[in-house]
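Take a look at the structure set out below.
Order of the sequence lines fixes the chain letters, A, B, ..., with proteins taken first and strands second; residue numbering starts at 1 for each chain.
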There are 2 protein chains.
Amino acid sequence: MNSLPEQLVDGTAGDSGFDVGARLRAVREANGLSQRELARRAGVTNGTISLIEQNKNSPSVSSLKKVLDGIPMTLAEFFAQDEPPQDQVFFRAAELVTLTRGAVSFRQVGARAGHALQILHEHYAPGADTGRAMLRHDGEEGGIVLRGRIELTVGDRREILGPGDAYHFSSRIPHRFRNPGDEECELISACTPPYL
Amino acid sequence: MNSLPEQLVDGTAGDSGFDVGARLRAVREANGLSQRELARRAGVTNGTISLIEQNKNSPSVSSLKKVLDGIPMTLAEFFAQDEPPQDQVFFRAAELVTLTRGAVSFRQVGARAGHALQILHEHYAPGADTGRAMLRHDGEEGGIVLRGRIELTVGDRREILGPGDAYHFSSRIPHRFRNPGDEECELISACTPPYL
DNA sequence: TAACAGTGTTTAAAAAACTCAACAACGCAA
DNA sequence: TTGCGTTGTTGAGTTTTTTAAACACTGTTA
């Protein structure tokens with residue numbers, strides 16, 4: 001049942017919001033390689049390269065990786081061209097987006113997507129807690145306490161930090177923030193990549 | 001003819017030098033999604049997610065993109081790696097390393113090397129200036145002003161920021177900080193990667 | 001002109017990914 | 001306990017990608 005084996009992804013940007021075919025063709029030509037030469041280096045056939053470049057098929061990650069190895073180029077480099085522009089530089093206090101998660105509020109600097117860095121001005125009400133289920137995600141995070149006290153648990157370590165104290169850890173370690181006092185706690189944090 | 005339809009990519013990191021399965025599982029769990037919930041949002045079946053996470057198949061770029069759209073996360077973010085060693089987590093106020101550059105002082109959270117994130121508590125004396133020769137380096141940086149005023153020039157844009165105001169830009173754009181007032185200026189900044 | 005070496009494209013068969021539906025395991029409430 | 005809802009995994013069948021080989025086109029050489 002294939003009366004219309006037309007290209008399933010449309011000819012231009014495809015269904016992926018990222019024009020894999022055009023990107024591969026540009027990269028290949030920028031390196032002065034023919035389809036056949038790249039195919040030989042990559043250990044695939046020239047037909048595969050042709051079809052990918054025309055967006056007539058969507059390569060598997062493993063075959064795309066093989067092809068890029070023949071360039072050579074990493075997957076991250078290949079896709080690291082789609083980051084949106086987004087270039088607001090200055091943010092007035094009133095412009096900071098405020099996010100609320102129960103007794104914790106975050107004032108976020110700029111937008112979340114397309115950046116490698118996220119900066120938050122966080123406020124923890126007395127007793128506020130990010131939850132018993134510990135947080136875990138990629139990247140690193142750190143911060144400095146401005147006011148009040150915060151109890152921070154990272155893996156099997158736990159400390160109570162006060163004004164001027166700071167922290168920095170890999171976000172892959174399970175972690176939890178809790179305000180154990182009667183006073184609001186205020187801190188500024190940064191993390192990479194953004195995760196909220 | 002499929003006498004050995006075993007997994008072609010080995011169980012761990014696969015043939016791609018990048019463990020797509022483990023990475024997807026980590027990302028999904030970090031966002032608190034079940035395989036089924038992610039599958040529903042992405043418009044694929046839960047079986048697909050399961051097989052990908054076990055590295056029993058290598059998804060096509062278009063299906064991986066669909067899956068990531070349900071997170072949401074871009075392909076570039078997915079393939080961007082990170083490697084944090086070093087593990088001091090808590091830093092008492094007195095422990096913060098202080099660096100001085102003329103009329104500007106930085107109190108640094110943790111060590112500089114081997115991290116993707118650097119956090120600084122900066123103090124600019126009245127008139128302090130990072131110099132007429134504009135700064136330029138890789139990464140992104142941002143911060144929030146706590147006290148005083150700072151004049152920030154980024155490319156051809158210039159603003160004076162006060163308490164609560166913030167900034168965020170690509171460090172590749174030439175930039176310069178200057179305290180134009182009579183009062184000390186204090187701010188907390190973050191940048192990635194570290195550059196001092 | 002013909003013969004050749006290079007290019008990218010296209011087709012049928014083989015291989016791999018994807019779907020659908022069933023399965024086993026766990027936690028939780030009745 | 002039973003029952004229900006959830007989790008992740010698995011097998012049979014369908015769809016898509018990949019291969020291998022042929023095709024059409026270009027520029028060069030004889």
Q: Report the residues that fulfil side-chain hydrogen bond (donor to acceptor under 3.5 Å, both in side chains) with Glu151(A), sequence neighbours left out, ordered by chain and then residue number.
A: Arg178(A)

**Q.** Spacing between Asn57(B) atom CG and dT19(C) atom C1', to the nearest angstrom
**A.** 12 Å

(Q) Can you list everything that forms a salt bridge (Lys or Arg N to Asp or Glu O under 4.0 Å) with Arg149(B)? Sequence neighbours excluded, please. (A) none

(Q) Suppose we screen for side-chain hydrogen bond (donor to acceptor under 3.5 Å, both in side chains). Which residues come up paired with Glu29(A), at least two apart in sequence or across chains? (A) none

Q) How would you list, by chain and number, every residue that makes a side chain to side chain contact (heavy atoms under 4.5 Å, CB included) with Arg40(B), sequence neighbours excluded? A) Glu37(B)

Q) Taking only residues two or more places apart in sequence or in another chain, which ones pass side-chain hydrogen bond (donor to acceptor under 3.5 Å, both in side chains) with Gln35(A)? A) Glu53(A)

Q | Which nucleotide in dC20(C), dA17(C), dT17(D) has an atom nearest any side-chain atom of Thr45(B) | A | dC20(C)

Q.
Any side-chain N or O of Ser63(B) below 4.0 angstrom from OP1/OP2 of dA17(C)?
A. no

Q) When the distance from CG of Leu24(A) to P of dT18(D) is rounded to whole Å, what number comes out? A) 12 Å

Q. What does nucleotides 7-13 of chain D look like as a protein-contact string, B for base, S for sugar-phosphate only, - for none, at under 4.0 angstrom between heavy atoms?
A. BBBB---

Q. Whole-Å distance between dC18(C) P and Leu38(B) CG?
A. 13 Å

(Q) Tell me whether Asn179(A) contacts the main-chain N or O of Ala128(A) through its side chain, where contact means a donor paired with an acceptor under 3.5 Å. (A) no

Q) Between Leu64(A) (CG) and dA16(C) (C1'), how many Å, whole number? A) 16 Å

Q: Starting at atom CG of Asn55(A), determine the distance to atom C1' of dT16(D), rounded to an integer number of angstrom.
A: 15 Å

